[in-house]
Amino acid sequence: MLQKSLPALAVVLAGCAAMTQGDYRDRAVQMMKADFNERGQAKLDRLDQDETQAQCSRKPADGALDKEVAAHIEKTNLDRVRYPADGKLLGDWRAGEKIAQSGVGKQFNDNPKAPAGGNCYACHELSPQELSYGTMGPSLRNFGKTRGTSEAVQKYVYAKIYNAEAFTACTNMPRFGYKGILTEEQIRDVTALLLDPQSPVNR
Amino acid sequence: MTKGFIGALAMLALGVGIARAQPDAGTLRGIEKYREALAEDNPAELWEARGAELWNARRGPKGASLAQCDLGKGPGVVKGAYAELPRYFADADRVMDLETRLVHCMVTLQGFSAAEVTRRPFGGPDHRSDFEALAAFVAAQSKGVKMNVSLDHPKERAAFLLGEQMFFYRGGPHDFACATCHGESNKRIRLQDLPNLTDAKDAQRAYTTWPGYRVSQGELRTMQWRLNDCFRQQRFPQLKFASDTSIALTMFLAHNANGGVFNAPAVKR
Amino acid sequence: MADPMRIRASMQGDKVLVRVLMSHEMETGQRKDESGKIVPAHFIQNVTVTHNGKTVLSAEWGPAVSKNPFLQFQFAGGKVGDKIQIIWTDNKGGTRTDEAVVN
Amino acid sequence: MEEVVHFDRRRREFLKTAGTTAAFGALAAANLAWPGTALAQGAWNAKAFSSKSLSDVVKAYGGAGAEPTNDVSWGSTPEIAENGAVVPISVTSRIPNTESISILIEKNPNALAARFQFPQGTDPTVSTRVKINQSSNVHALIKTANGKFYVATREVKVTIGGCGG
């Protein structure tokens, strides 16, 4: 793999003074596609971007996200939200807590048959018992206590977990339902973790 | 989906944004004490010692040592070399990071095949990595030296700009890019501070402390390993060892850390 | 992994402070490898430190001592130039002896 | 096969390092008979290291019980550990005639992690690093020259770290 020939790169780089940002982007994508090996469940198609991923691959120098692009991202992703057919949005908060704690799933060394976690604590504060929480996302402490459990709130929480891009274009939060990371039942359980009055999040 | 519902959603979304999680001061002080207690007597020294032996050992089909390996500051000059890597090497007509250069020297000086020496580049319970030992040894010879990575050569500049593109490239089932976790300041994942690798100060602090002894694994890990494992957690496929992508990203990170005083091998969680 | 120990022995006032890093897996016997098989326990059981031939510390360890173990202690009666010898033995018969001079 | 090779290598290195005196050769040979082998240089108390509780460890070392004490300082021992695989533990006993300090992790599968014996002239203070499976009480068990046992306890919390995968 180290003997990989680089004539294509050499040609491109020879004229690099004239290379534009777009050229670098294309060249970077080509380079990445040559430089990964598929392993386990992680095949090379994971390097292929969908429209949202491409629009959200932005450097600070690219400036603020265009309002129309942001609206487009949110609209297309909202259209992709699928609620459970039976209309039930709240599951078991205890199962939700386990999902929130678990960071496994979808990695090349993970068992593809085992359920994935949501890893919520990596980025969010939830139950007060868990001291080890991240701050990439907002605190979700007392989430249901302060917002209630109306159908609108339930639908929002379910949809936010299902496809966060529907509400915040280029968010750091994965699209757990749309991308098939969590199942319908798991999303219901995490929704319950946030909203159930008995959940430690609200106690 | 009614207009009213969307409006309610927007308000809820705003409400969520108000209460930012504050790090628990007592917990963080405790963690700080833990890190201090481990900072001295770093087991990385065991790797440095083995790396020094490997560097000087006559090995390979040519029975040569690495003592004549040119890490960029002339054959055999190790002191300060790591603080200037990656760099362009005319003899290979390629930008190389430390590990790629070590492969080059193992091939050209010692007569090993690249495939052979890179078959299992990372160590584990049943396997020791020569690269991890050599990287610990070489990196330690740059302690106290300021990071000074050049972009003067067109290929160095190209590597940096390609690395920048890769850093912000989202993909995989989780939509993660390097920047997802390392593009903002003052964030934590669980209790670990996340360096903002686009910010000079954070980039300096992060880059100058790799390689590091990873206590969770009991292994000395290098920048090549760090990138490999970040991509695993990004849910990407497996990054090839010493690939151009790995070098470009390392160039982006190393150059962002310029001016920082090198201080590795360090201890890492 | 019988790499040499890293031994530091230095005078701190009238005491000799000894700090040691050892290279050892300290396998617990409870970890599974990638194929799901239990990796057998493999750990240092005994450590003996001598100063000019006299034992100044002896230790019994179980597999709960961390991988690549660290040990620090201090004793009286030593001086610069004295010899410190450390021996460890593990549960599979592996052993290692290293020496250092007090500085 | 791998292990056999390793063993031979270690044994060779040992013999090389220690010199091929008869005494050391015999020691290396004796080690072959693990488990349960008492080594010439020091015994390894298999019963103590398979004990699940503080009281069983005390019994394994010939005591009836341990008296709580505050005459122990914990030095750089943290109250919270970022990773349970490596937790620095530092114990100093102020109890006169301290002969040994044992470190026990209450919630580990086997409680006893390590035991240190201090001959005359060695300070009853030791630092090491241990594995702690989950947040747990850590005991410092002190035995004095006249056979009495004392125990000091502190809690160490172990956190979940990193990206979680």
Side-chain angles (χ1 to χ4, degrees), chain B residues 23-44 46 50 53 124-128 172-174 176 178 180-182 187-195 212-221 226 228-236 267-269, chain D residues 1-10 12-13 16-17 72-92 101 103 105 108 113-114 116 125-138 140 153-165:
Chain B
D24 174 341
T27 304
L28 293 187
R29 252 198 322 276
I31 295 284
E32 201 46 49
K33 190 179 174 192
Y34 169 83
R35 289 177 188 160
E36 279 167 18
L38 284 180
E40 276 184 53
D41 300 295
N42 184 346
L46 299 164
R50 190 163 71 85
E53 260 180 48
D126 61 338
H127 166 70
R128 300 200 295 179
H174 286 58
F176 287 159
C178 304
T180 306
C181 289
H182 297 292
K187 299 289 180 192
R188 298 183 338 215
I189 196 159
R190 291 279 189 172
L191 286 176
Q192 277 69 52
D193 296 321
L194 290 165
Y213 181 74
R214 198 64 196 260
V215 301
S216 51
Q217 304 172 6
E219 298 285 346
L220 186 291
R221 296 307 193 190
R226 179 61 278 175
N228 195 289
D229 209 52
C230 272
F231 277 122
R232 175 178 68 84
Q233 290 170 315
Q234 268 174 255
R235 276 72 182 174
F236 276 42
V267 173
K268 300 282 180 181
R269 180 193 66 80
Chain D
M1 285 310 285
E2 187 90 327
E3 275 314 325
V4 173
V5 172
H6 277 180
F7 172 74
D8 284 348
R9 182 169 57 78
R10 272 198 310 274
R12 264 201 318 278
E13 283 179 20
K16 198 171 70 195
T17 315
V72 162
S73 52
W74 290 91
S76 58
T77 309
E79 281 163 28
I80 186 162
E82 198 171 15
N83 196 291
V86 182
V87 182
I89 301 282
S90 188
V91 176
T92 300
I101 297 176
I103 294 162
I105 317 301
N108 274 6
F116 302 90
T125 178
V126 69
S127 299
T128 186
R129 296 168 182 164
V130 302
K131 299 166 195 163
I132 302 187
N133 275 13
Q134 53 179 307
S135 297
S136 171
N137 277 335
V138 175
T153 302
R154 79 135 60 179
E155 194 195 3
V156 175
K157 288 197 184 103
V158 174
T159 62
I160 299 168
C163 312

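Numbers restart at 1 for each chain; the letters A, B, ... are given by sequence-line order, proteins then strands. Worth knowing before you read on, the calculation uses all heavy atoms, side chains too, and leaves out hydrogens, waters and symmetry mates.
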Start with the C-alpha gap between B:T27 and D:K157, add the side-chain angles, then the distance that decides, and say whether side-chain contact (heavy atoms from CB on, under 4.5 Å) holds. CA-CA 10 Å; B:T27 304; D:K157 288 197 184 103; over 6 Å; no
Report yes if some heavy atom in the side chain of D:R129 is under 4.5 Å from a heavy atom in the side chain of B:D41; otherwise report no. yes
Give, for atom NZ of B:K268 and atom CG of D:N83, the distance between the pair rounded to the nearest 0.5 Å. 14.0 Å
Determine the option with the most heavy-atom pairs under 4.5 angstrom with chain D, choosing from B:Q217, B:R269, B:R35. B:R269
Looking at chain B, which one of D:A85, D:P88, D:S90 has the largest number of heavy-atom pairs inside 4.5 Å, strictly under? D:P88
Considering all heavy atoms of both residues, which atom of B:A37 and which atom of D:S76 are nearest to each other, and what is their separation? CB-O, 3.8 Å
Spacing of CD belonging to B:E32 relative to CD belonging to D:E82, to within rounding of 0.5 Å: 9.0 Å
Which atoms of B:D229 come close to chain D, meaning under 4.5 Å heavy atom to heavy atom: side chain ones, backbone ones, both, or neither? neither
Using every non-hydrogen atom in the two residues, find where D:I80 and B:I31 come nearest and quote the distance to one decimal. CG2-N, 3.4 Å
Engaged part of D:E79 at the chain B interface, taking heavy atoms whose separation is under 4.5 Å: neither
What one should report as the nearest heavy-atom pair of D:P78 and B:G30 is CB-O, 4.5 Å
Please classify the contact between D:S127 and chain B as side chain, backbone, both or neither, with a heavy-atom cut-off of under 4.5 Å. neither
